**Q** 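First, the structure itself, so that you have it in front of you.
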Amino acid sequence: MKTVFELSVPGRRGVEMPAPTVKKNDYDSSLLRGSLRLPELSEQEVVRHYTALSKRAFGVDDGFYPLGSCTMKYNPKLHEKLAALPGFADVHPLTRADRIQGSLALIDTLSSYLCGITGMDAFTTQPAAGAHGEFTGLLLIKAYHASRGDTARTKVIIPDSAHGTNPASAVMAGFEVVHVGTDASGDVDIEALSSLVGADTAALMLTNPSTLGLFEKNVLRIADIVHKAGGLMYYDGANLNAVAGVVRPGDMGFDVVHLNLHKTFSAPHGGGGPGAGPVGCKKELAPFLPEPRIVDTEAGFRFNYGKRSAGRVTSFYGNFAVLVKALAYIVTLGGEGLAASSRAAVLNANYLREQMSLHYPIDTSRPCMHEFVVSMKKLKDETGVTATDVAKALIDRGIHPPTVYFPLIVEEAMMFEPTETESKETLDRAAEAFGEIVRFAYTDPGQLKAAPVTTPVGRPDEATAARKPVLKG
């Protein structure tokens, strides 16, 4: 498919700009940047080009998208409409507080709801993404320890099943990362953790449910171990979609939490954003939240600048349109609806796992939460067909591949997350597609090695792409 630059024809126009009605000002020609090199196309050519591009993309509106750990679920179009209301979409971030009371009330209301959902005492909506939220939460932890003169706490403990952004965020915040292993049941190794905590422990970062799709059954004991050592508990909220409305991180013993509004609370996920990663904390850490904070006064909502803040982390107050959608989602469902959504996500994951286990050995002895991990090692050993081959073959069957080779502690891993928005019929079709691929692995593995064959672009040479990337056209 040609690019718009390749389609460009000199002199061709799609729009005739009206003649200027303002006086032309003189300017220094040396300030000009030169030609913008914009493509020259008719309106029809532009429409056809981008329509063709859109048909090559795959999203939740196109089909089943079980990307584990990413919660790619269908989001109601109503929330897009609400976020596009002129009073929300057209507000300028530099508008005076007394002129945007509705917008500030929305952020304050959302923050209150998020406190209730997570068991935290205060929230900031500034962070623009999940990893940004992790970084912000760790800055709170660092500022809290520093305020008490406890500067020896330089280490953050992270399980080996953690999201890759956890250690990266910890290092960016100035901490040293210490890894703790996972025991045979998939939980944090308690004995190993007990030997690692000490006077240098700043925090433990934990995802619950874990990336293995399991609820950490020893979470209260873990929190007790970390707290007794003087450390804090950080909750990676990437998997909140399994427990929202059912159990709160604050009640599990966590002190700081970040949420992915673009996963759990109705905003498109993928395609580069925008996202939102609000951070909540217990009252002891609230003074260190990014400034300015929105406060409700007798004169209305105002911006408050705290003297102990860890600092601003974005230019303004977060990705506002995402916040609008999140509040709409919460208000639409209510507390009972959020809990029902979480339970449906868990039910769907367990159902799909059971159906897939009819075609391939999957351990179903312990119920999973909203996602589950399948090791394709047996299939690879017996047929040479890898997790990548299975994932590519799913594309030919109209299914987006699940997450592959993560978590790293599982060989030939495939992580499925069906979410609560998929029907039983969709899950049955996905399980049958998986079973068909497994059968082909034993009878015609070459077919799977060639997949996908139904897409405009076939399987790329990933090794060459990694070693010799083409970074420009």
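For clarity, every value in this text was computed on a predicted model and none was experimentally measured.
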**Q** Is the shortest side-chain heavy-atom distance between L285 and V256 below 4.5 Å?
**A** yes
**Q** Please find the pair of heavy atoms, one from H49 and one from M1, that lie closest to each other, and give the distance.
**A** O-CE, 3.4 Å
**Q** Between S341 and G337 (side chain of the first, backbone of the second, donor and acceptor by atom type, cut-off under 3.5 Å), is there such a pair?
**A** no
**Q** For the residue pair S69 and M415, what are the closest heavy atoms and their distance?
**A** N-SD, 3.4 Å
**Q** Within a radius of less than 6.0 Å around CZ of R99, do more than 12 heavy atoms belonging to other residues, nucleotides or ligands occur?
**A** no
**Q** Do D62 side-chain atoms and G59 backbone N/O form a donor-acceptor pair below 3.5 Å?
**A** yes
**Q** Side-chain contact test, heavy atoms from C-beta onward, threshold under 4.5 Å: evaluate it for L327 versus Y113 and give yes or no.
**A** yes
**Q** Report the distance from atom CG of D121 to atom CD of E284, rounding to the nearest 0.5 Å.
**A** 7.0 Å
**Q** Looking at T419 and K73, would you say the former's side chain and the latter's main chain have a donor-acceptor pair under 3.5 Å?
**A** no
**Q** Please walk me through it: do T182 and D160 pass side-chain hydrogen bond (donor to acceptor under 3.5 Å, both in side chains)?
**A** CA-CA 7 Å; T182 303; D160 58 6; 2.5 Å; yes
**Q** Please tell me if the side chains of R302 and Q101 come closer than 4.5 Å, counting only heavy atoms from C-beta onward.
**A** yes
**Q** Pick one: which of V156, L193, L196, I158 meets side-chain contact (heavy atoms from CB on, under 4.5 Å) with V178?
**A** L196
**Q** Take atom NZ of K81 as the centre, draw a 6.0 Å sphere, and report whether it contains more than 12 heavy atoms from other residues, nucleotides or ligands.
**A** no
**Q** Applying side-chain hydrogen bond (donor to acceptor under 3.5 Å, both in side chains) to Y405 and T388, what does each step give before you reach the verdict?
**A** CA-CA 8 Å; Y405 301 116; T388 294; 3.2 Å; yes
**Q** Enter the distance from S112:OG to I107:CD1 here, rounded to the nearest 0.5 Å.
**A** 12.0 Å
**Q** Does atom OH of Y50 have more than 12 heavy-atom neighbours, drawn from other residues, nucleotides or ligands, at distances under 6.0 Å?
**A** no
**Q** How are the rings of F288 and Y144 set to each other: parallel, tilted or perpendicular (split at 30° and 60°)?
**A** perpendicular
**Q** Inspect the contact between D255 and K282 and indicate whether a charged nitrogen and a carboxylate oxygen are less than 4.0 angstrom apart.
**A** no
**Q** With side chains defined as the heavy atoms from C-beta onward, is the minimum distance between V197 and I157 less than 4.5 Å?
**A** yes
**Q** Taking all heavy atoms of S342 and all of A244, pick out the closest pair and write down the distance.
**A** OG-O, 2.6 Å
**Q** Decide yes or no on salt bridge (charged side-chain N to carboxylate O under 4.0 Å, His left out) for K77 and D61, but give the supporting numbers first.
**A** CA-CA 11 Å; K77 298 300 180 279; D61 290 352; 3.4 Å; yes
**Q** My understanding is that only residues two or more places apart in sequence, or in another chain, count here; which of them pass side-chain contact (heavy atoms from CB on, under 4.5 Å) with A321?
**A** A83
**Q** Is it true that, when you exclude K55 itself, more than 12 heavy atoms of the residues, nucleotides or ligands shown sit nearer than 6.0 Å to its NZ?
**A** no
**Q** Under a 3.5 Å distance rule, please check whether T207 uses its side chain to pair with a backbone N or O of S210 as donor and acceptor.
**A** no
**Q** Evaluate the side-chain proximity of L138 to F175: yes if any heavy-atom separation is below 4.5 Å, no if none is.
**A** yes
**Q** How close do A326 and L261 get, heavy atom to heavy atom, and via which atoms?
**A** CB-CD1, 3.9 Å
**Q** Who pairs with N166 by side chain to side chain donor-acceptor pair (under 3.5 Å), at least two apart in sequence or on another chain?
**A** E134, D236
**Q** Taking atom CG of N319 and atom NE2 of H132, what is their separation to the nearest 0.5 Å?
**A** 10.0 Å
**Q** Could you go step by step and tell me if L140 and V279 meet the side chain to side chain contact (heavy atoms under 4.5 Å, CB included) rule?
**A** CA-CA 10 Å; L140 299 187; V279 170; 3.9 Å; yes
**Q** Do you know which two heavy atoms are closest between K325 and S266, and how far apart they sit?
**A** CB-O, 3.1 Å
**Q** Start with the C-alpha gap between F301 and I100, add the side-chain angles, then the distance that decides, and say whether side chain to side chain contact (heavy atoms under 4.5 Å, CB included) holds.
**A** CA-CA 9 Å; F301 290 99; I100 52 171; over 6 Å; no
**Q** Please identify which of these residues, L427, T426, N350, meets the side-chain contact (heavy atoms from CB on, under 4.5 Å) condition with P418.
**A** L427
**Q** Nearest 0.5 Å please: distance from the NZ atom of K263 over to the CG atom of N75.
**A** 13.0 Å
**Q** Would you say I294 and F303 make side-chain contact, with heavy atoms under 4.5 Å?
**A** yes
**Q** Taking the side chain as everything from C-beta on, heavy atoms only, tell me whether N260 gets closer than 4.5 Å to H258.
**A** yes
**Q** If we ignore hydrogens and angles and just use 3.5 Å, is the side chain of E412 paired with the main-chain N or O of S375 as donor and acceptor?
**A** no
**Q** State whether the side chain of D183 and the backbone N or O of D187 hold a donor-acceptor pair below 3.5 Å, judged by distance alone.
**A** yes
**Q** Partners of Y65 by ring-ring contact (aromatic ring centres under 6.0 Å, His included), sequence neighbours excluded?
**A** F58, H400
**Q** Has R221 got more than 12 heavy atoms of other residues, nucleotides or ligands less than 6.0 Å from its CZ?
**A** no
**Q** Under 3.5 Å, is there a donor-acceptor pair between the side chain of H262 and the main chain of A276?
**A** yes
**Q** When you measure from the side chain of R153 to the backbone of G198, do you find a donor-acceptor pair of N or O atoms at a distance under 3.5 Å?
**A** yes
**Q** Just to verify, what does H145 make a ring-ring contact (aromatic ring centres under 6.0 Å, His included) with, not counting sequence neighbours?
**A** none
**Q** Scan for ring pair (Phe, Tyr, Trp, His ring centres under 6.0 Å) pairs involving residues 318-337, sequence neighbours excluded, and state none if there are none.
**A** F88-F320
**Q** Mind checking the CG-OG1 spacing from L240 to T71? Nearest 0.5 Å is all I need.
**A** 9.0 Å
**Q** Quick check for you: to the nearest 0.5 Å, what is the distance between R312 atom CZ and L289 atom CG?
**A** 14.0 Å
**Q** Answer yes or no: is there a donor N or O on one side and an acceptor on the other, between the side chain of R293 and the main chain of N304, under 3.5 Å?
**A** no
**Q** If we ignore hydrogens and angles and just use 3.5 Å, is the side chain of N239 paired with the main-chain N or O of P209 as donor and acceptor?
**A** yes
**Q** For a side chain to side chain contact (heavy atoms under 4.5 Å, CB included) check, start with the C-alpha distance between N208 and F215, then their side-chain angles and the critical distance, and finish with the verdict.
**A** CA-CA 6 Å; N208 194 27; F215 190 88; 3.4 Å; yes
**Q** Ignoring hydrogens, what is the shortest heavy-atom contact between S169 and A131? Give both atom names and the distance.
**A** OG-O, 3.5 Å
**Q** Sequence neighbours left out, what passes side-chain contact (heavy atoms from CB on, under 4.5 Å) with L94? Give chain and number order.
**A** H92, F316
**Q** For the residue pair D108 and S111, confirm or rule out a side-chain donor-acceptor distance under 3.5 Å.
**A** no
**Q** Are E462 and K392 close enough for a salt bridge, meaning some N to O gap below 4.0 Å?
**A** yes
**Q** One pair to check against side chain to side chain contact (heavy atoms under 4.5 Å, CB included): Y234 and I141. What are the steps and the verdict?
**A** CA-CA 9 Å; Y234 180 93; I141 291 171; 4.2 Å; yes
**Q** With the side chain counted from C-beta on, respond yes when T124 and P278 share a heavy-atom pair under 4.5 Å apart, and no when they do not.
**A** no
